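For reference, the structure is listed below as structure tokens.
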Amino acid sequence: QVLLVESGGGLVQPGGSLRLDCAASGSISLAYTMGWYRQAPGKPRELVANVRGGGYTNYADAVKGRFTVSRDNAKNTLSLQMNDLKPEDTAVYYCNADGRRVSLGLYWGQGTQVTVSS
């Protein structure tokens, strides 16, 4: 069993920065892809960015050049540095650990609210 706990959300003005962190308890092997998803009111949950165990990263077009995802495999943590935030980045952000491609589990955090507003 894996428990994911996010932190770091909050209210920020447009153009500002926030850092989200996700701490995983339990074993998160390199076989898991870890990522950040977000869900705005009335919209489906969407991928923001993810990173494989070997370090390969993938970003949604809307955040490329502004967000940076990173993971520390030794500490079982995942982070998302968000710069130049825009009102359309407002959403609940969820940490995710996906091991389904190697028949492991799929886990979600409880989410953290990010609000970008002046």
Side-chain angles (χ1 to χ4, degrees):
Q1 185 68 22
V2 174
L3 180 64
L4 304 174
V5 179
E6 303 98 336
S7 61
L11 173 65
V12 64
Q13 293 186 342
S17 298
L18 277 177
R19 178 185 173 94
L20 303 183
D21 292 300
C22 174
S25 64
S27 178
I28 297 289
S29 72
L30 295 179
Y32 284 88
T33 295
M34 296 192 72
W36 291 97
Y37 287 71
R38 66 186 182 187
Q39 187 167 19
K43 295 186 177 181
R45 191 172 297 188
E46 63 178 4
L47 174 69
V48 176
N50 60 20
V51 52
R52 294 184 182 176
Y56 178 82
T57 57
N58 178 47
Y59 293 91
D61 288 343
V63 306
K64 282 181 180 177
R66 300 188 297 123
F67 291 11
T68 302
V69 63
S70 59
R71 68 189 281 176
D72 186 326
N73 295 319
K75 297 181 179 180
N76 282 343
T77 58
L78 178 73
S79 297
L80 184 68
Q81 178 64 44
M82 304 184 293
N83 298 327
D84 189 24
L85 282 159
K86 303 176 180 182
E88 52 264 42
D89 295 317
T90 295
V92 177
Y93 284 70
Y94 296 90
C95 177
N96 161 281
D98 188 352
R100 290 176 296 174
R101 66 184 181 93
V102 289
S103 301
L104 296 173
L106 172 65
Y107 302 97
W108 293 93
Q110 83 286 354
T112 186
Q113 177 70 46
V114 172
T115 302
V116 185
S117 175
S118 55

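As the structure is a prediction and not an experimental result, all values here were calculated from the model.
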To the nearest 0.5 Å, what is the distance between [atom1] ([X]) and [atom2] ([Y])?
X      : Y     : atom1 : atom2 : result
Thr112 : Arg38 : OG1   : CZ    : 14.0 Å
Arg100 : Thr33 : CZ    : OG1   : 10.0 Å
Thr57  : Met34 : OG1   : CE    : 14.5 Å
Asn50  : Leu80 : CG    : CG    : 11.0 Å

[X] vs [Y] side-chain heavy atoms within contact, under 4.5 Å:
X      : Y      : result
Lys86  : Arg66  : yes
Val114 : Leu18  : yes
Gln13  : Ser117 : no
Glu46  : Gln39  : no
Tyr93  : Gln113 : no
Asp21  : Thr77  : no
Leu78  : Val51  : yes

Examine [X] and [Y] and state if one hydrophobic cluster contains both, with Ile, Leu, Val, Met, Phe, Trp and Tyr joined whenever side-chain heavy atoms are less than 4.5 Å apart.
X     : Y      : answer
Val2  : Val102 : yes
Val12 : Phe67  : yes
Leu47 : Met82  : no
Leu3  : Leu20  : no

Heavy-atom donor-acceptor pair, Glu6 side chain to Gln110 backbone, under 3.5 Å: yes
Donor-acceptor check, side chain of Tyr59 to backbone of Val69, threshold 3.5 angstrom: yes or no? yes
How far apart are the closest heavy atoms of [X] and [Y], and which atoms are they?
X      : Y      : result
Leu104 : Ser29  : CD1-OG, 4.2 Å
Pro14  : Ser118 : CD-N, 3.7 Å
Ala31  : Arg101 : O-NH2, 3.9 Å
Ala40  : Thr90  : CB-O, 3.7 Å

Residues 5-104 vs disulfide (SG to SG under 2.5 Å), sequence neighbours excluded, gives Cys22-Cys95
TODO: Tell me, with the steps shown, if Arg71 and Asn73 meet side chain to side chain donor-acceptor pair (under 3.5 Å).
DONE: CA-CA 6 Å; Arg71 68 189 281 176; Asn73 295 319; 2.7 Å; yes
- Query: So, Asn83 and Ser17: side-chain donor and acceptor under 3.5 Å apart, yes or no?
  - Reply: yes
query: Can you list the steps and then say if Val116 with Glu88 is a side chain to side chain contact (heavy atoms under 4.5 Å, CB included)?
result: CA-CA 8 Å; Val116 185; Glu88 52 264 42; over 6 Å; no
### Message
Check the orientation of Trp108 and Tyr37. Use parallel for under 30°, tilted for 30 to 60°, and perpendicular for over 60°.
### Response
perpendicular
Next item on the list: Using the ring of Tyr94 (Phe, Tyr or Trp, six-membered ring only), decide whether Arg45 places NZ or CZ under 6.0 Å from its centre and within 45 degrees of its axis.
Entry: yes
Which of Val48, Asp84, Leu85 passes side-chain contact (heavy atoms from CB on, under 4.5 Å) with Val63? It is Val48
